[in-house]
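Computed over heavy atoms, backbone and side chain alike; hydrogens, waters and symmetry mates excluded. Here the structure is a predicted model, which means the values were calculated and not measured. Below, read A as the first sequence line, B as the second, and so on, with proteins coming before strands; counting in each chain starts at 1.
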Amino acid sequence: MVGQTIVQADINRPDLRWPFPPDMAARLTGKRVLSLRRRSKYILADLDSGKTLLIHLGMSGRILISGVQIGTYTHEHQAPQKHDHVVFHMDQGARITFNDPRRFGAMDLLDTATAENHPLLAQIGPEPFGNSFNEDYFAEALKSRKSPIKAALLDQHLVAGLGNIYVCESLFRARLSPRRLAQNVPAAKARALVPIIRDVLSEAIEAGGSSLKDYRQADGELGYFQHSFEVYGREGEPCRAPGCTAEIARIVQSGRSTFYCPHCQR
DNA sequence: ATAGGCACCTGGTGGC
DNA sequence: TGCCACCAGGTGCCTA
């Protein structure tokens, strides 16, 4: 998208999680994409109009790119699919299709200059790969938290970008029980979580993400990190920690499934 | 300020 | 085959 101009924007319904901003199609048409960036799980496309297009994929959202050649492979345009809610037609023939069955995703237009102050972005914590997410910060942040460590890691105010899968996997690697209150996590363990979280995310990115159901990378390839799951989705299966004979358990915490080894994770 | 529960929505799966 | 319950990658909002 970068450097290309949106020549047509098809908005096929009035909303996703929230109504689209007024006249979104008209405000996107003819605008060039200056840069693509990301904050937490929000995709941000800066336009030459001084506006920034914000996109969130929610649980089931995906963006498919067609009409482009990547390496030797040409991604052909596909027939429209159910739940293709927004389609951008780019000036060099590419098509960007936003498809989202559950419609928990979102799109909005922000002023680029103050995008970080937008209510959806302003309260988000440090990026996990940023310098401000470090051992001292994290140990201090957990100290005052009375929620289970599972909920604390999912809380985007504390650290950005961790979802249910990567929280479960991080806690397993740290050998920490998801039920333990954050403030009762020993400082050494809190500090150890920082590089563990970075490792889990790095490895997942390297593997192209986690393909549950039919998640795909932007080039259509499946992600492979799900084969590296140690606990997520493995209820009743044997713990993979060396020497451990326990089974992975599933519990529900704040309405979400938590997978963990009750023997290894204390 | 913080924590927990609910809501939003569609689709897939498994049991009867 | 149909019906129903339950589950799913996220996060804003309300209540206590």
Do any side-chain nitrogens or oxygens of [X] fall under 4.0 Å of OP1 or OP2 in [N]?
X: Lys82(A); N: dG11(B); answer: yes
X: Arg17(A); N: dA7(B); answer: no
X: His83(A); N: dG11(B); answer: yes
X: Ser257(A); N: dA8(C); answer: yes
X: Tyr232(A); N: dG9(C); answer: yes
X: Arg103(A); N: dT10(B); answer: yes

Taking [X] for its side chain and [Y] for its backbone only, find out whether a donor-acceptor pair lies under 3.5 Å.
X: Glu116(A); Y: Ala122(A); value: no
X: Glu247(A); Y: Glu235(A); value: no
X: Arg145(A); Y: Ile149(A); value: no

Of Arg13(A) and Ser147(A), the one whose nearest nucleotide on DNA chain B sits closer to the 5' end is Ser147(A)
Between [X] ([atom1]) and [N] ([atom2]), how many Å, whole number?
X: His157(A); N: dG10(C); atom1: NE2; atom2: C1'; value: 13 Å
X: Glu235(A); N: dC7(C); atom1: CD; atom2: P; value: 10 Å
X: His118(A); N: dG12(C); atom1: NE2; atom2: C1'; value: 13 Å
X: Arg256(A); N: dC6(B); atom1: CZ; atom2: C1'; value: 13 Å
X: Leu121(A); N: dG12(C); atom1: CG; atom2: C1'; value: 14 Å
X: Lys143(A); N: dA1(B); atom1: NZ; atom2: P; value: 21 Å
X: Trp18(A); N: dC9(B); atom1: CH2; atom2: C1'; value: 14 Å
X: Leu16(A); N: dT11(C); atom1: CG; atom2: P; value: 15 Å

Classify the nucleic acid contact of Tyr42(A) as base, sugar-phosphate or nothing, counting any heavy atom under 4.0 Å across all strands shown.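 Sugar-phosphate only.
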Which part of the nucleic acid, if any, lies within contact of Leu120(A), taking any heavy atom under 4.0 Å across all strands shown: a base, the sugar-phosphate backbone alone, or nothing?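 Counting heavy atoms under 4.0 Å across all strands, the contact made by Leu120(A) is with sugar-phosphate only.
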Quick one: on DNA chain C, does Gly255(A) or His56(A) contact a more 5' nucleotide (nearest heavy atom)?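 This one resolves to Gly255(A).
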So does Arg102(A) reach the base of dA8(C) with its side chain, donor to acceptor, closer than 3.5 Å? yes
Stacking between Phe104(A) and the base of dC8(B) (centre distance under 5.5 Å, interplanar angle under 30°)? yes
Using 30° and 60° as the class boundaries, would you call the ring planes of Phe133(A) and Phe138(A) parallel, tilted or perpendicular?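 The rings of Phe133(A) and Phe138(A) stand perpendicular, inter-plane angle above 60°.
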Non-hydrogen side-chain atoms of Glu230(A) and Phe259(A) separated by less than 4.5 Å: no
Starting from the C-alpha separation in whole Å, work towards a yes-or-no answer on salt bridge (Lys or Arg N to Asp or Glu O under 4.0 Å) for Asp111(A) and Lys51(A). CA-CA 5 Å; Asp111(A) 290 319; Lys51(A) 295 286 180 178; 2.7 Å; yes
Roughly how far apart, to the nearest Å, are dC9(B) and dC14(C) at atom P?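 The answer is 16 Å between these two P atoms.
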Using purine N1 to pyrimidine N3 plus N6-O4 or O6-N4 for Watson-Crick, or N1-O2 and O6-N3 for G-U wobble, each under 3.5 Å, what pairs with dG12(B)? dC6(C)
